[in-house]
Every structure is written in C-alpha cells, then in structure tokens.
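Here is how names work: the chains are called A, B, and so on, in the same order as the sequence lines, proteins then strands, and each is numbered from 1.
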2 protein chains.
Amino acid sequence: MTDYKTPALTVDVVIFCLREQRLQTLLIKRGVEPYSGKWAIPGGYVRYGEDIDAAALRELGEETGVHNIYLEQLYTFGAPDRDPRGHTVTVTYFALIPDENITIEAGTDATDAAWHVLDELPDVAFDHKEIIGYAHERLRYKLEYTSAGFKLLPREFTLTELQTAYEIVLGEKLDKRNFRRRLLEADVLEKTGQYRSGGEGRPAMLYRYHAKADPQVKARRLYP
Amino acid sequence: MTDYKTPALTVDVVIFCLREQRLQTLLIKRGVEPYSGKWAIPGGYVRYGEDIDAAALRELGEETGVHNIYLEQLYTFGAPDRDPRGHTVTVTYFALIPDENITIEAGTDATDAAWHVLDELPDVAFDHKEIIGYAHERLRYKLEYTSAGFKLLPREFTLTELQTAYEIVLGEKLDKRNFRRRLLEADVLEKTGQYRSGGEGRPAMLYRYHAKADPQVKARRLYP
DNA sequence: ACAAAAGTGTTGAGAGTACACCCATGC
DNA sequence: GCATGGGTGTACTCTCAACACTTTTGT
C-alpha cells in the first residue's frame with residue numbers, strides 16, 4: 001500500500017434540544033487558534049482505529065455527559081479550504097437529546113460550552129453555519145414526515161408535550177385531534193398507565209415509545 | 001496544530017446504468033492485494049487539498065470517461081476493520097449515467113472493468129456489498145418518490161422509455177395513463193417537438209428535462 | 001362553581017387509483 | 001389492412017383537513 005498524504009478527519013455533532021420552549025443547539029467556545037474565542041459545533045479528530053460513529057458518540061459524551069442518545073450521520077463536508085490549518089474532512093452528525101439532567105462539560109480545547117437559540121446564533125467558526133443550517137433542515141424534515149419527535153423528549157411525556165415539540169420545530173400550530181389520531185395510528189407509542197398531575201387542569205396520560213417502533217418516513221409514491 | 005494520526009480517506013462511487021433492460025453497476029477487478037482478483041466499486045484516495053466531490057468526479061471520469069454526470073453523496077463508512085491494510089474511511093457516492101457512448105477504461109490498479117447486473121453480483125471486496133445495497137436502496141427510494149428517473153436516460157427520450165426505466169428499477173408494472181399524468185404535472189419535462197420514428201408502431205414524442213426543474217421529493221406530511 | 005388543560009368524531013373536498021379504447025405509422 | 005406501440009379521460013374510493021364540545025381536575 002502506498003502511503004498517500006490524506007486529509008485530516010474529524011467528526012462534528014450538531015446537538016438539538018428543546019429548552020424553554022425554544023429549539024437550541026450546543027456550541028463550544030474555542031480556546032485555541034484558529035477562530036479562538038468563536039463558537040463552534042462540538043467535535044474532534046477521529047482516532048486511528050476508531051469507528052466514526054463511535055467517535056461522534058465519544059465527542060458527544062465528552063461535551064454533554066449524555067450517552068445512549070439518538071445520533072444520525074448527516075453529511076460529510078470536504079472542501080479543502082474549510083479549515084485554515086489544512087485540509088480537514090469532517091463527517092457530521094446530528095443528535096436529539098431531551099432536556100433533562102445534562103451536565104455540560106467544557107472540554108480541554110474549549111473555554112466554555114453553552115446552549116444557543118437556533119434563530120439567534122452568534123458568528124460561528126469554520127463552515128459550521130452551513131453545517132448547522134443543513135442539520136436544521138434535516139430536523140424539520142424528520143419531524144414533518146416522521147414520528148421521530150419524541151426523541152427530543154424525556155422517556156415519558158404527554159401528547160400535548162409532544163405536539164408542542166412539533167410546533168416549536170415546525171414553527172406552526174397543529175390541529176390537536178388530527179395530530180393525536182395520526183400519532184396513535186403510527187403505532188409507536190404506548191400508554192404508561194400513569195398520569196401527570198400537579199399542573200392546572202385535567203391530568204394527562206403519560207406515554208412512552210416502544211423501542212421496536214421504527215419511525216418511518218410516510219411518503220407519497222409519485223407513481224401508482 | 002497537533003499532528004494526530006488519522007485514518008486514510010477514500011471515495012467510492014456506485015455507478016448505475018440501465019443496459020439491456022437491466023439495472024447494472026460498474027465494478028472493477030482489483031489487480032493488487034488485498035482482494036486481488038475480486039471485483040470492487042471504483043474509487044480511490046482523496047488527494048490532499050482536493051475537494052471530496054471533485055475526487056469522486058475524478059474517479060468516475062477516470063473509470064468511465066464520462067463527465068458532467070449526476071452524482072450524489074450517499075454515506076460515509078468508517079469501521080476500522082473495513083480495510084485490512086489499515087483504518088480507511090470512505091465517503092461513498094452514487095451516480096446515474098445514461099447508456100450511451102461510455103468508454104470504460106480500466107485504471108492502473110484495475111485489471112478489468114465491467115458492468116454487472118445488480119441482482120447477479122459476484123463476490124465483492126471490502127464492505128462493498130453493503131455499500132452497493134445501500135446505494136440500491138437509495139436509488140429505489142429516489143425513483144419511488146421523485147421524478148429523477150430521467151437521469152438514467154439520454155438527453156432526449158420518450159415517455160415510454162422513461163416509464164420502462166422506472167419499471168425496471170422499481171421492479172413492477174406501472175399504469176401508463178397515471179404515470180404520464182403525474183410526470184407531466186410535475187413540470188420537469190418539455191417536448192422537443194421531434195418524434196422518434198423508425199421503430200414499429202406510431203412514432204413517439206421525444207422529451208427532454210429542463211435544467212431548472214428540480215425533482216423534489218413528494219412526501220406526505222405526517223401532521224396537518 | 002369556575003378556570004384550565006385533556007380528550008374525543010364527523011363531514012366535505014380533493015387526491016389517488018383503477019380501468020379501455022382510438023390513433024398514427026410501417027410493412 | 002393489419003400489427004405495433006403511442007396517446008388520451010372518467011368514475012369511484014379513500015385519505016386529508018377543518019372544525020367544537022365534553023370531561024376531569026385543582027382552587
């Protein structure tokens with residue numbers, strides 16, 4: 001095998017979370033050049049011998065302390081000038097995490113880590129704005145056409161909470177009766193038998209998703 | 001910048017073509033170890049400083065002599081043991097090319113290059129069977145839900161030829177009237193004004209697609 | 001009893017799907 | 001004139017989308 005000089009390889013993970021009724025993403029403040037002081041998507045080098053999915057999970061764990069999380073490969077960006085230090089190809093992922101017991105830990109190369117509302121992003125390093133935009137589009141697509149929205153919620157949730165999640169991501173009001181009918185027909189949820197009380201009004205049934213349920217794209221065939 | 005040891009980086013291109021009423025893919029016979037003598041997807045190392053899309057186009061051009069072709073990034077495979085020579089991450093693409101004036105040229109590392117019917121593939125090297133399967137799935141999806149099928153045909157074609165292309169890829173008969181109605185409503189084709197005569201029966205109108213037409217996924221929203 | 005949120009069915013409109021015959025050309 | 005493939009319209013069905021009231025709890 002000839003020893004070609006190859007580009008460096010990184011993974012970057014766009015992490016989405018619903019916090020305070022807004023869609024937010026986790027950014028870290030870079031502590032090293034280039035772009036020192038700018039915000040960036042969490043990520044890092046793929047170690048030799050390490051599976052790329054595992055690398056993404058590792059980076060996600062290092063930055064957020066969460067594990068066993070929904071992670072999906074997004075796209076691979078490989079323009080030679082995207083990193084001023086040298087040609088660096090990055091495999092990007094996007095993650096959906098629920099807003100619960102997350103301890104954000106700034107890594108060694110980061111001076112800070114913080115959530116940012118998606119519509120009010122600061123200037124970000126590298127081509128990360130493009131990557132975030134791409135991930136956001138994919139998220140909207142996923143919620144528009146699949147029942148994957150529960151991945152943004154804790155293990156147990158009410159149907160109204162789920163609908164609210166969809167409304168935040170899609171940016172529009174949904175019809176309660178139609179929403180519930182479609183979702184229950186999709187057969188991905190099951191009742192827990194428990195109710196969430198304590199708030200105002202009638203207590204709501206708590207649901208969870210059963211693991212065997214695979215939220216499929218519900219697309220319309222173009223040709224019969 | 002610290003100098004991490006990173007995995008090698010390659011691109012691989014799954015090339016689809018309709019030949020002799022079958023869906024076929026181009027494979028090259030490896031002339032070097034490992035897997036010498038086995039068939040593999042065309043591909044090669046990404047050069048330092050080279051854009052990955054450009055690398056895929058270059059590999060495709062070197063193997064088939066075609067340029068200006070429909071190419072789409074598919075997925076990035078990065079299991080550390082997928083190449084016995086060492087950790088090699090590959091960004092895969094899939095290409096649709098029409099069956100016309102293609103001169104297949106075996107590259108330096110290949111002793112041979114040949115088309116293979118997709119349902120009758122030989123043993124292939126590395127994890128290329130998985131990659132081809134993934135690409136095949138994506139192709140079926142694309143034709144099922146979009147009007148991108150014309151990318152498998154020459155610049156000008158008849159509606160029957162297009163319908164046949166869909167039928168071959170999807171593996172089922174389609175209704176002629178519904179097919180034509182949907183396709184014309186999709187507004188991606190235009191009449192050339194020419195007819196294809198010479199065959200038996202009534203001459204058929206030739207169509208081409210207009211470049212501004214972007215074949216969109218026609219999906220059904222899950223929630224109203 | 002009143003405020004607040006949960007939960008539940010029906011109907012009209014529009015799209016999807018199935019289906020059969022006439023038309024233009026070559027031999 | 002006949003064989004071959006090209007081209008066209010309609011009716012039924014089913015899914016989609018809009019819409020309002022009753023129920024349960026806490027105060």
*asked:* For Val169(B) and Phe16(B): C-alpha separation, side-chain torsions, deciding distance, then whether side-chain contact (heavy atoms from CB on, under 4.5 Å) applies.
replied: CA-CA 10 Å; Val169(B) 173; Phe16(B) 289 113; over 6 Å; no

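Taking atom CZ of residue Arg182(A) and atom C1' of nucleotide dT8(C), one finds them 16 Å apart after rounding to whole Å. At whole-Å resolution of the value, CD in Glu172(B) and P in dT17(C) are 11 Å apart. Protein atom CZ of Phe179(A) is 15 Å distant from nucleotide atom P of dA17(D), rounded to whole Å. Summarising the geometry, the separation between NZ on Lys173(B) and P on dT17(C) is reported as 19 Å, rounded to the nearest angstrom.
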Pair up each side-chain donor or acceptor in residues 67-79 of chain A with any protein partner under 3.5 Å, not counting sequence neighbours, and list the distances.
from	atom 1	to	atom 2	distance (Å)
Tyr70(A)	OH	Glu72(A)	OE1	2.2
Glu72(A)	OE1	Lys142(A)	NZ	3.2
Glu72(A)	OE2	Arg138(A)	NE	3.2
Glu72(A)	OE2	Arg138(A)	NH2	3.3
Gln73(A)	OE1	Thr76(B)	N	2.9
Gln73(A)	NE2	Thr76(B)	O	2.9
Thr76(A)	OG1	Thr76(B)	OG1	2.6

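Heavy-atom neighbours of Arg155(A) CZ from other residues, nucleotides or ligands within 6.0 Å: at or below the threshold of 12. At most 12 heavy atoms of other shown residues, nucleotides or ligands fall within 6.0 angstrom of atom CZ in Arg22(B).
Terminal axes of the helix from dA1(C)-dT27(D) to dC27(C)-dG1(D) (five pairs each, C1' rotation axis) are separated by 0°, to the nearest 10°.
Using bins of under 30°, 30° to 60° and over 60° for the plane-to-plane angle, the ring pair Tyr209(B)/Phe150(B) lands in the parallel bin.
The existence of a salt bridge linking Arg181(A) and Glu185(A) is excluded, since no basic side-chain nitrogen approaches an acidic carboxylate oxygen closer than 4.0 Å. The residues Arg196(B) and Glu161(B) are annotated as salt-bridged, a charged nitrogen and a carboxylate oxygen being separated by less than 4.0 angstrom.
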*Base-contact (B) and sugar-phosphate-only (S) positions in nucleotides 4-10 of chain D, heavy-atom cut-off under 4.0 Å, - elsewhere*: BBBBBBB

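Ring-centre distance between Phe157(A) and Tyr207(A): not below the 6.0 Å cut-off.
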